[in-house]
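Just so we're on the same page: letters track the sequence lines, and every chain starts at 1. Only a predicted model underlies this, so the values are computations on that prediction, with no experimental measurement involved.
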Amino acid sequence: MKLATWNVNSLNVRLQQVLDWLAANPVDVLCIQELKLTDDKFPEAAFKEAGYHAVWAGQKTYNGVAIVSRMPGTSMVRNIPGYEDPQQRVLALTFPSPEGDVRVVCAYCPNGQSLDSDKYVYKLAWYEAMHKWLAEEIKQYPRLAVLGDYNIAPADEDVHNPEKWEGQVLVSEPERAALRALLDLGLTDSFRLFEQPEKSFSWWDYRQFAFRRNAGLRIDHVLLSAPLVKRCVACVIDKEPRRNEQPSDHAPVVATLEFA
DNA sequence: ATGGTCGCCATGCGA
């Protein structure tokens, strides 16, 4: 079972790239962030034609998430239950596996903008709500996978230039603590289960030839609960789509699970 | 020190 996450930065612009990527990388589940389109504009037919089911939570201009999958999922949840938020950032679905249900959460975590911004306050409050909800989810679903754009680089090794970035948004200690709190629920950053190339990143700014210089951050993650960690045999960042014409600023991250 | 690129949509704003 292959699970992937990709912030596409507008599905309108990136639809063909997503379809091409799925054709070359036939994953079972793809979590998409930053649709930047309303529900009525979601290209369901294109995914259906490619052999994928889809659920989505869209919004005008900003945010928006979708889960695209080979098999239809069940028990869909849209938004963090009990957390009032007009911003569409969360979708959850359950998929069958040989060992029982796998719960997949697709998350587009807030960016935060800067440490002195209201959006930073919102980011930390959002993470707290996420923490509270995931504490319940993992109880209900022992096989839990939380994929998405976390907008947090967990450690300095996930930052191309830690000295320059120190204390900035996306790497600040309160943000890292918020991410660690999710891990403390019993989730693992699957990327670090395996030996990885040095300077592995999942996002590169569009400016200043950041991708060419590999001036990036690793902010897109696949978190797995313990029963799924046992079945995880790989987690890779696919930099290939970042080389496309008109690329997303993020690369997909793919985790491979092998059930007994 | 400042702004640099995208995508939204038509202007600045968010990332």
Side-chain angles (χ1 to χ4, degrees), chain A residues 5-21 30-43 46 56-66 79 85-91 106-127 130 147-154 158-172 174-176 178-179 201-221 237-253:
Chain A
T5 179
W6 192 5
N7 179 324
V8 299
N9 186 19
S10 168
L11 188 57
N12 279 324
V13 174
R14 235 67 68 185
L15 176 61
Q16 194 54 52
Q17 291 186 43
V18 174
L19 295 172
D20 291 346
W21 188 82
L30 172 61
C31 295
I32 304 176
Q33 300 88 36
E34 283 209 86
L35 304 179
K36 294 188 172 179
L37 48 74
T38 48
D39 280 342
D40 57 305
K41 297 288 200 302
F42 186 87
W56 58 94
Q59 177 188 334
K60 187 178 160 67
T61 310
Y62 303 118
N63 309 312
V65 286
N79 294 321
D85 191 353
Q87 303 189 25
Q88 300 301 311
R89 298 182 174 279
V90 171
L91 267 182
C106 171
Y108 175 48
C109 310
N111 173 285
Q113 193 163 64
S114 64
L115 266 62
D116 58 2
S117 167
D118 298 347
K119 296 181 187 72
Y120 185 80
V121 177
Y122 163 67
K123 181 177 193 173
L124 294 180
W126 186 94
Y127 260 94
M130 188 69 163
L147 298 88
D149 175 1
Y150 287 75
N151 270 310
I152 298 175
D158 304 308
V159 181
H160 76 280
N161 187 349
E163 305 77 35
K164 201 198 83 182
W165 275 86
E166 190 180 356
Q168 300 290 309
V169 74
L170 310 186
V171 311
S172 76
E175 292 168 87
R176 285 177 169 175
L179 180 55
F201 308 123
S202 67
W203 169 82
W204 302 261
D205 199 291
Y206 283 122
R207 292 166 283 193
Q208 297 178 308
F209 306 102
F211 182 65
R212 221 169 64 182
R213 298 186 294 116
N214 196 31
L217 301 178
R218 191 174 70 90
I219 56 176
D220 300 271
H221 310 300
I237 296 170
D238 182 2
K239 288 172 76 169
E240 213 46 53
R242 190 62 177 78
R243 301 184 226 275
N244 290 347
E245 297 278 329
Q246 278 198 293
S248 167
D249 44 353
H250 294 253
V253 185

- Message: Give me the distance, rounded to whole Å, that separates B:dG7 from B:dG3 when you measure between the P atoms they each carry.
- Response: 22 Å

- Message: Does either side chain, that of A:Asp149 or that of A:Gln33, offer a donor lying less than 3.5 Å from an acceptor on the other one?
- Response: no

- Message: By the 4.0 Å heavy-atom rule, please label A:Tyr108 as base, sugar-phosphate, or nothing.
- Response: sugar-phosphate

- Listed partners of A:Tyr150 passing ring pair (Phe, Tyr, Trp, His ring centres under 6.0 Å), at least two apart: A:His221

- Message: Suppose you measure atom P in B:dG4 against the same atom in B:dC9; what distance do you get, rounded to whole Å?
- Response: 22 Å

- Tell me: OH of A:Tyr122 to C1' of B:dG14, nearest whole Å? 13 Å

- Given atom OH of A:Tyr150 and atom P of B:dA15, what is their separation to the nearest angstrom? 18 Å

- Note on the structure: 5'-most contact on DNA chain B (nearest-nucleotide basis), A:Gln113 vs A:Arg207, goes to A:Arg207

- In terms of side-chain heavy atoms, does A:Asn12 have a donor or acceptor partner in A:Ser10 at a distance below 3.5 Å? no

Every protein N/O within reach of nucleotides 7-9 of chain B N/O, cut-off under 3.5 Å:
from	atom 1	to	atom 2	distance (Å)
B:dG7	OP1	A:Arg14	NH1	3.0
B:dG7	OP1	A:Arg14	NH2	3.3
B:dG7	O3'	A:Ser10	OG	3.4
B:dC8	OP1	A:Ser10	OG	2.4

- Message: I need the CZ-P distance between A:Arg242 and B:dT5, as an integer number of Å.
- Response: 13 Å

- For A:Phe42, the ring pair (Phe, Tyr, Trp, His ring centres under 6.0 Å) test, sequence neighbours excluded, returns A:Phe47, A:Trp56

- Message: Measure NZ/A:Lys119 against C1'/B:dA15 and give the value in whole Å, please.
- Response: 10 Å

- Residue pairs meeting salt bridge (Lys or Arg N to Asp or Glu O under 4.0 Å), one or both in residues 117-126 of chain A, sequence neighbours left out, come to A:Lys123-A:Glu175

- Query: Rounding to the closest angstrom, what is the interatomic distance between B:dC6 and B:dT2 at atom P?
  - Reply: 23 Å

- Query: Tell me, do A:Trp21 and A:Asn244 make a side-chain contact under 4.5 Å, heavy atoms counted?
  - Reply: no

- If you measure from the P atom in B:dA1 to the same atom in B:dT11, how many Å do you get, rounded? 33 Å

- Query: Separation of A:Asp149 atom CG from B:dA15 atom C1', in whole Å?
  - Reply: 10 Å

- Item | Atom-pair distance (NE2 on A:His250; P on B:dG14), nearest Å | 17 Å

- Which dot-bracket notation, 5' to 3', represents the base pairing of DNA chain B when pairs are defined as Watson-Crick or G-U with both distances under 3.5 Å, crossing pairs as [ ], and inter-strand pairs as |? ....((((...))))

- Task: Figure out the CG/P separation between A:Asp118 and B:dG14, and round it to whole Å.
- Result: 10 Å

- State, without any angle test, whether A:Asn7 and A:Glu34 hold a side-chain donor-acceptor pair at a distance under 3.5 Å. yes

- Could you tell me whether A:Arg243 atom CZ has more than 12 heavy atoms of other residues or ligands within 6.0 Å of it? yes

- Gap between atoms CZ and P, on A:Arg89 and B:dG14 respectively (whole Å): 12 Å

Considering only distance and modelled atom types, tabulate donor-acceptor pairs under 3.5 Å from the side chains of residues 160-170 of chain A, sequence neighbours left out.
from	atom 1	to	atom 2	distance (Å)
A:His160	ND1	A:Gly216	O	3.2
A:Asn161	OD1	A:Lys164	N	3.3

